[in-house]
Every structure is written in structure tokens, then in C-alpha cells.
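Encoded as C-alpha cells, the structure appears first; notes follow it.
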2 protein chains.
Amino acid sequence: MTSMNGRPADGNGASPDVARDDPSPSAPRHDTVAAVVGQWQAVHPDLDTGPMEIIGRINRCAALLQQAEDAPLRRAGLSRPEFDLLGALRRTGHELTPSELTRETFSSGAAVTKRLKQLTERGLVERRGDTRDRRVAHVRLTDTGRELVDAILPEQLAYETTVLAGLDTPGQGELATLLGELLVQLEGRLGVLRV
Amino acid sequence: MTSMNGRPADGNGASPDVARDDPSPSAPRHDTVAAVVGQWQAVHPDLDTGPMEIIGRINRCAALLQQAEDAPLRRAGLSRPEFDLLGALRRTGHELTPSELTRETFSSGAAVTKRLKQLTERGLVERRGDTRDRRVAHVRLTDTGRELVDAILPEQLAYETTVLAGLDTPGQGELATLLGELLVQLEGRLGVLRV
DNA sequence: CGCAACTAATTCACGAGTAAAACACCTGCT
DNA sequence: AGCAGGTGTTTTACTCGTGAATTAGTTGCG
């Protein structure tokens, strides 16, 4: 798996905001994606802009959330990809090889190598060579690494909770379910969907 | 951008080591985020992992969609940020200055400058200086630029439609609505939410 | 054994994005 | 007029991620 992230911040998503004349200043309170979709429909009234309303919003949400989430991590001096790597080690509960880490974190081998180098220098992870196969390495959290993850995660979740607080609880449940359904489809399908 | 990442194929077991191969071939079919959340809950049963189910899925969906969407654009030799820029010019229907483009596309000024340079060299956009204020530039699509956008957009939407096809129509509507509500909150709130 | 084919991990060269500095120009105040 | 301070855009220096090559090691097979 490669790419994605990207866009760490990647990259980001669809597009936003309206320009001059927003016709309805009152209305049901549009988000920026709705404004963009409105503009497109004015220009191409014949197109079905339905997919934009989902994909555009997912991208935009991801971009905004990403930025927001950075905060608690940054205080710990970690980037999100770094935290993902540490988190993978923590949640699986055992050592992982670099190639397993590329699968767990969906990033390229080169990226994992670099991150491991940094995290090792910072004393958050350790490596040990495999005794049988000297090509493979095994990576594990150091005590400080584990403590760091365990300290950050609750903050992270608490922060995310407040970020999502604008949506009521049933709404959150529905959203999680729908996204889960979509995700199952995407994960199962996209590999096969050869353009 | 990828918040919580998932495992390719792995029961959500908390147990270290071991890989029970997907035990229930039927079942509600877990997505990778569900697996990751399951792992976390096994390690920290006390934490409320609710936010992960939303934020993790949004990030993962964004990553997968991004990659998927690349396809139609790549055929036209455009990256998504480039298309976003062209799209902003097309949908607003008039010239935009570079700073307006940074707002429309949510990217930095430096990035816009670079993209404009490339797109100008490719003959997709033109610039003209403002007559009153010689600091500002006005950017517009060339005829080829507009034709390109108009040619790509329908393909793009058609492709996105098939990508989303796994979700039934009412589900798509609900999803769009919920994401819209979330987005309104995020856009209104995040600027103010000083960590 | 010895060599081809494969796999794990790393290195390399490069492209793209960013923040901050630089630059160019405008505006308001005295 | 003249200049302090503000704004629009570009440049600079850097980081980070990627794909492709590279290194190192293993395995299968004649």
C-alpha cells in the first residue's frame, strides 16, 4: 500500500467556499461543500453532483479533522504517521517487522524505514534482528514508547470527542455505521476496480 | 492522514501473536477500522473508542477514495489539487486572484503559485495583471483549460458514482446529510477551538 | 554445490507541500 | 510629499513521502 496520506494533510479534498454572490444568506446553513456543489450545478445543471456531496465532504472533513487532531500529538512531538506506527505496535501487543508495519500503517516501505530511524533515535522503539532470517528485523516499543502512547491516546480520544460533539449521539452512531458500510465496500472493491 | 489504520485480514483478536484467519466468512463483515478499534479495546478496555469509529473511518475512506479518484484525473495528466484549482475557476465562472484561489482550494499560497506556474506552462490558465493594483494578478481558464475541465468532470462524477455504488441510495442520502451536519460544525467550530 | 529467483529492508533521486522571509506595491497619516 | 505599516505574490529552505534501484539474505532446484 502506498500513497494516501498524504496528503497528509494532504492533500485535501474537493473544494470549498463560494465566491461573491451567495444567493441565500439564511437557509439551512450550508457547509462549504454544499456551496461548491451549488456552483457546479449552476454551471452544469445536467450533471448528477450527488457523489460530490459525499466524497467532497469526506475529503473536507478529513482535512479539517486532520488539522484538528494534530494538536494533541504535536504537543508530544509526534506526527500522525509516527503515532500510527507506535499505535500499531501498541495495539497489536507484540513485535512487528517493518513490512508488517507498512501494512498496518498503509504507508510505503521507505516511509516506514525513515520513521523507524527517527523513533529509534528518540528511544521510542527498539529493533532486534531475526535469528533465523537475517534479512528481517523485529521492532518493539520501548518502555518510554509504550508510556508515551498510553499517555497520548486518552487525550487524543478526549479531544476527538469534543471535536465530534456537534453531532448528537444517535447521529454519531448512524454516521459510524454508514461509514463502516461504505468502507467495507471500498476496501473489498477498490482493489478489484481496475479503472 | 490516516488516523487509525487497519489490518488487512486479521480477526480483531487482542491476543498477541497468532493470526486466526478470518473466522466468520459470513457475519456483518468488519472493515479494517473495526478491527483496529477492537484491538485497542482489548488493550485498553476502559477507553471510549467511539470517536475512532467515525474519525478513523473518515480518514480511511478519504485515503481510499483519493487513490481511487486519481484514476480519471491521471489520465488527463492532472493531480487532484490541480483539478481543484481549475475547478474553482470553472465553477465560479470568473477570474480569481491567487489569494482567492488559496481560499477556494484550501492550500497555501506557495502551493498555488507553483501550480499556477505549471498550469500556465501547460496552457490551461492565463494570468493578467490588475491595472489598478499592480500586486494582484487575475487568473482565468484558457479555452483549452475550460474544455479540459468540462471533459473530465462528467467522467469523474461517473466514476465516483460507481465507487459509491456499494451503498444504497437512501444510505447515500443519509450519509451526505450527516457529513454535512458534521462539516457545518467543524467549519464553524474548529477555527475557534483553540486546543 | 551453485546459481536463479524471490523477499526484506534500505538507499537514492526527486517531486510536492509548507512556513517564513523577501519582494513589490498600495494606503493612510502627518 | 514621505514614510510606516499593511497586503498580494513569489522565493527560499526545508521536510516528508514516494517509486525505483540497491543491498543483503534465503530458498528451490538442477
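Every chain is numbered from 1 and lettered A, B, ... according to where its sequence line falls, protein lines coming before strand lines. Values reported hereafter were calculated over all heavy atoms of this structure, with side chains retained and with hydrogens, waters and symmetry mates removed.
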Point to revise | Distance-only donor-acceptor check, side chains B:Glu160 and B:Gln156, under 3.5 Å | key: yes
Exercise for review: Consider only side-chain N and O atoms of A:Glu104 and A:Thr92, and report whether a donor and an acceptor are under 3.5 Å apart.
Suggested key: no
Rounded distance (Å) that lies between atom [atom2] of [N] and atom [atom1] of [X]:
X        : N      : atom1 : atom2 : answer
B:Phe106 : C:dG17 : CZ    : P     : 16 Å
A:Asp130 : D:dA24 : CG    : P     : 18 Å
B:Leu116 : D:dT10 : CG    : C1'   : 11 Å
B:Arg132 : D:dG8  : CZ    : P     : 16 Å
B:Arg103 : D:dG8  : CZ    : C1'   : 10 Å
B:Lys114 : D:dC14 : NZ    : C1'   : 10 Å
A:Glu95  : C:dA8  : CD    : P     : 17 Å
B:Leu101 : D:dT10 : CG    : P     : 11 Å

Minimum-distance nucleotide (side-chain atoms of [X] versus [options]):
X        : options                : value
A:Ala110 : C:dT10, C:dT11, C:dT18 : C:dT11
A:Ser108 : D:dT18, C:dG17, C:dC25 : D:dT18
B:Ser99  : D:dG17, D:dT12, D:dG8  : D:dG8
B:Thr113 : D:dT26, D:dT9, C:dC25  : D:dT9
A:Gln118 : C:dA9, D:dA13, D:dC16  : D:dC16
B:Ala111 : D:dT10, D:dC16, C:dT18 : C:dT18

Study note, to complete from the structure: Ranking B:Arg127 and A:Ser79 by the position along DNA chain D of their nearest nucleotide, the one closer to 5' is B:Arg127
May I ask you to test the [X]-[Y] pair for a side-chain heavy-atom distance under 4.5 Å?
X        : Y        : result
A:Ile152 : A:Pro72  : no
B:Glu82  : B:Arg122 : yes
A:Leu157 : B:Asp48  : no

Check your understanding: Just to confirm, is there a sub-4.0 Å distance from OP1 or OP2 of C:dG17 to any side-chain nitrogen or oxygen of B:Arg115?
Key -> yes
Review point. Side chain of B:Arg135, base of D:dT9: donor and acceptor closer than 3.5 Å?
Key: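 When only heavy-atom distances are counted, B:Arg135 does not reach the base of D:dT9 through any donor-acceptor pair under 3.5 Å.
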